[in-house]
Amino acid sequence: MGILVFSVSMFAQKCPSGCNQLVFDPGTHVQVIACKQIEVSLGKQSVFWGVKNLTNKKLYVDFTKVVTTVCGKVLRSKGNTYLNPGEFVGGTTFSGEITFETQVWAEDCDAKGNRISTIAYEGLTTKFVN
């Protein structure tokens with residue numbers, strides 16, 4: 001399974017103010033979106049993740065969020081959710097077992113302005129559900 005690190009602008013959702021948006025090449029069923037805070041705020045720099053269902057069926061989505069710091073540390077965490085047809089879930093709209101946010105703290109990388117070098121995801125799987 002390769003890591004996807006390129007972006008396109010199809011089906012883009014709006015990021016919060018103070019963030020840059022990455023829209024990853026859509027797969028067959030979903031599109032992954034990441035909103036990167038431009039700089040450290042309140043002691044952390046965050047990436048807000050989202051997924052959009054590109055089908056007319058309910059899906060279960062599972063993937064690994066990958067954030068590499070400018071200090072070289074790689075942060076990986078799972079992301080998963082159920083999506084209704086055409087639904088976008090991300091950031092504060094996520095209501096499942098995990099959060100769709102990756103936080104980079106000083107313990108991860110003590111850079112002052114920007115702590116994030118690259119953002120990617122890996123191992124994306126989707127399943128149709130009833």
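We count residues from 1, following the sequence as given.
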Worksheet item: Which atom pair, heavy atoms only, marks the closest approach of T69 to C109?
Response: CB-CB, 3.7 Å

Response to the item:
Taken to the nearest 0.5 Å, the spacing of I119 CD1 from Q21 CD works out to 11.0 Å

Worksheet, complete the sentence: Here the pair of heavy atoms bringing Q37 nearest to S41 is NE2-CB, 4.1 Å

Worksheet item: Are F128 and L124 grouped together when hydrophobic residues (ILVMFWY) are joined by side-chain heavy atoms under 4.5 angstrom apart?
Response: yes

Worksheet item: For W49 and A120, which heavy atoms make the closest approach, and how far apart are they?
Response: CH2-O, 3.0 Å

Worksheet entry | Over all atoms of both residues, closest heavy-atom pair of V67 and V47 | CG2-CG2, 4.1 Å

Practice prompt. May I ask you to decide if F24's main-chain N or O and Q31's side chain share a donor-acceptor pair within less than 3.5 Å?
Written response: yes

Worksheet item: Under 2.5 Å between the SG atoms of C35 and C19?
Response: no

Worksheet item: How far apart are the closest heavy atoms of L83 and K52, and which atoms are they?
Response: CD1-C, 4.2 Å

Discussion item. Could you measure the distance from the OG1 atom of T55 to the CG atom of N84? Nearest 0.5 Å is fine.
Written reply: 10.0 Å

Worksheet item: Would you say the side-chain atoms of Q45 pair up with the backbone N or O of V104, donor to acceptor, closer than 3.5 Å?
Response: no

Worksheet item: Parallel, tilted or perpendicular: which describes the rings of Y121 and F63, with under 30° parallel and over 60° perpendicular?
Response: perpendicular

Discussion item. Rounded at 0.5 Å granularity, tell me how far OG1 in T68 sits from CG in L75.
Written reply: 7.5 Å

Item to complete: Can you measure from CD1 (I38) to CD1 (I116) and round to the nearest 0.5 angstrom?
Response: 11.0 Å

Worksheet item: Side chains of S46 and K44: is there a donor and an acceptor less than 3.5 Å apart?
Response: yes

Worksheet item: What heavy-atom pair brings V40 and G43 nearest, and what distance separates the two atoms?
Response: CG1-C, 3.9 Å

Practice prompt. Walk me through it: do H29 and K57 pass the test side-chain contact (heavy atoms from CB on, under 4.5 Å)?
Written response: CA-CA 9 Å; H29 305 301; K57 297 181 180 179; over 6 Å; no

Worksheet, complete the sentence: Rounded to the nearest 0.5 angstrom, the OH-CG distance for Y82 and D62 is 10.0 Å

Practice prompt. Give a yes or no on whether the backbone of E87 and the side-chain of N53 come within a donor-acceptor separation of less than 3.5 Å.
Written response: no

Worksheet item: If you measure from NZ on K65 to NZ on K78, what distance do you get to the nearest 0.5 Å?
Response: 10.0 Å

